[in-house]
Amino acid sequence: QVQLVESGGGLVQPGGSLRLSCGVSGIIARIMSVAWYRQGPGKERELVAAITGDGNTNYIDSVKGRFTISRDNAKNTFYLQMNSLKFEDTAVYYCGAKTKWGDYWGQGTQVTVSS
């Protein structure tokens, strides 16, 4: 089993920054990649950023140059650094882990960008 817990969400003004964290526990050796997803009001869930076991990263175009995904294997934690936040970044953010047998998800953390 794999367990994920997100933290770091909150209210921030446009142009501000937040750092999300995801703690991972369980059978970590089964994890092939980890990622951040988000779901805004009235929108479908979308993949925001992912990092694979070999360190390759992928981002959706709308966050390139603003968001950075990273991991600390020694701490069993991965992060999403979000800079230059925009109104459209408002969403519930979920961390996820992909395994051979399926995906695991955290409960989500709310990020609200507002003046």
Side-chain angles (χ1 to χ4, degrees):
Q1 301 294 326
V2 175
Q3 309 292 331
L4 306 172
V5 180
E6 305 98 334
S7 63
L11 177 65
V12 64
Q13 64 182 337
S17 298
L18 284 174
R19 188 194 194 198
L20 306 183
S21 299
C22 183
V24 184
S25 62
I27 310 175
I28 298 174
R30 297 286 187 178
I31 298 174
M32 298 181 294
S33 64
V34 294
W36 289 96
Y37 298 79
R38 68 185 180 188
Q39 186 167 15
K43 299 179 180 179
E44 295 185 353
R45 185 192 66 180
E46 64 178 351
L47 176 67
V48 178
I51 186 166
T52 61
D54 58 6
N56 290 328
T57 58
N58 295 287
Y59 302 90
I60 56 171
D61 288 341
S62 61
V63 308
K64 288 180 178 178
R66 300 190 297 120
F67 291 10
T68 303
I69 187 171
S70 62
R71 65 177 179 234
D72 186 336
N73 290 338
K75 296 181 179 179
N76 295 326
T77 303
F78 65 102
Y79 309 92
L80 185 68
Q81 178 67 47
M82 305 184 293
N83 299 325
S84 302
L85 284 161
K86 305 175 180 179
F87 292 114
E88 54 263 40
D89 294 320
T90 295
V92 178
Y93 284 71
Y94 301 89
C95 58
K98 295 184 180 296
T99 72
K100 182 179 180 180
W101 307 113
D103 296 344
Y104 294 84
W105 304 94
Q107 294 299 308
T109 185
Q110 177 70 48
V111 173
T112 301
V113 184
S114 177
S115 299

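All values below were derived from every heavy atom in this structure, side-chain atoms included, with hydrogens, water molecules and symmetry-related copies excluded. The structure presented is a predicted model; accordingly, all values stated were derived computationally and were not measured.
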K.L.:
Report yes or no: do Y79 and I28 belong to one cluster of Ile/Leu/Val/Met/Phe/Trp/Tyr joined by side chain heavy-atom distances under 4.5 Å?
P.N.:
no

K.L.:
To check you understand the geometry: which heavy-atom pair defines the closest contact between F78 and A35, and what is its length?
P.N.:
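What the structure gives for the nearest pair is CE1-O, 3.6 Å.
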
K.L.:
Between L20 and M82, is there a side-chain heavy-atom distance shorter than 4.5 Å?
P.N.:
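Heavy-atom side-chain distance check passes, below 4.5 Å.
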
K.L.:
Which pair of non-hydrogen atoms, one from A50 and one from L47, has the smallest distance, and what is that distance?
P.N.:
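Looking at all heavy atoms of both residues, the closest pair is CB-CD1, 4.4 Å.
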
K.L.:
For the CG atom of D103 and the CE atom of M32, what is their distance to the nearest 0.5 Å?
P.N.:
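Between D103 CG and M32 CE, I get 8.0 Å after rounding to 0.5 Å.
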
K.L.:
Taking the side chain from T90 and the backbone from V113, do they hold a donor-acceptor pair closer than 3.5 Å?
P.N.:
yes

K.L.:
To the nearest 0.5 Å, how far apart are CD in E6 and OH in Y93?
P.N.:
12.5 Å

K.L.:
Mark yes when over 12 heavy atoms from residues, nucleotides or ligands other than Q1 sit less than 6.0 Å from its CD; otherwise mark no.
P.N.:
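No, CD of Q1 has 12 or fewer neighbouring heavy atoms, counting only those of other groups under 6.0 Å.
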
K.L.:
Taking the side chain as C-beta and beyond, is there a heavy-atom pair between W105 and R45 under 4.5 Å?
P.N.:
yes

K.L.:
Can you name the nearest heavy-atom pair linking S17 to Q81, along with the distance?
P.N.:
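Taking every non-hydrogen atom into account, CB-NE2, 4.1 Å.
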
K.L.:
Could you measure the distance from the CD atom of Q13 to the OG1 atom of T112? Nearest 0.5 Å is fine.
P.N.:
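That separation rounds to 14.0 Å.
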
K.L.:
Report the C-alpha distance between L80 and R38 in whole Å, list the side-chain angles of each, state the deciding distance to 0.1 Å, and finish with yes or no for side chain to side chain contact (heavy atoms under 4.5 Å, CB included).
P.N.:
CA-CA 12 Å; L80 185 68; R38 68 185 180 188; over 6 Å; no

K.L.:
Between CG of L18 and CG of L85, what distance do you get to the nearest 0.5 Å?
P.N.:
5.5 Å

K.L.:
I need the minimum non-hydrogen distance between V2 and A97, along with the two atoms involved.
P.N.:
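Heavy atoms of V2 and A97 come nearest at CG1-CB, 4.4 Å.
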
K.L.:
Can a donor-acceptor pair be found, under 3.5 Å and without considering hydrogens, that links the side chain of Y59 to the backbone of R66?
P.N.:
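Judged by distance alone, no pair lies under 3.5 Å.
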
K.L.:
If we only count heavy atoms from C-beta on, is the I51 to V34 side-chain gap below 4.5 Å?
P.N.:
yes

K.L.:
Charged N to carboxylate O under 4.0 angstrom, K64 versus D61?
P.N.:
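Between D61 and K64 there is a salt bridge, with a charged N closer than 4.0 Å to a carboxylate O.
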
K.L.:
I need the S33 OG to R71 CZ distance, nearest 0.5 Å.
P.N.:
9.5 Å

K.L.:
What do the steps show when you test I31 against Y104 for side chain to side chain contact (heavy atoms under 4.5 Å, CB included), and what is the final call?
P.N.:
CA-CA 10 Å; I31 298 174; Y104 294 84; over 6 Å; no

K.L.:
Report yes if the distance between the aromatic ring centroids of F67 and W36 is under 6.0 Å, otherwise no.
P.N.:
no

K.L.:
With the 4.5 Å side-chain cut-off for hydrophobic clustering, are V63 and I69 part of the same group?
P.N.:
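Hydrophobic grouping puts V63 with I69.
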
K.L.:
If you measure from OG1 on T99 to CD1 on I27, what distance do you get to the nearest 0.5 Å?
P.N.:
9.0 Å

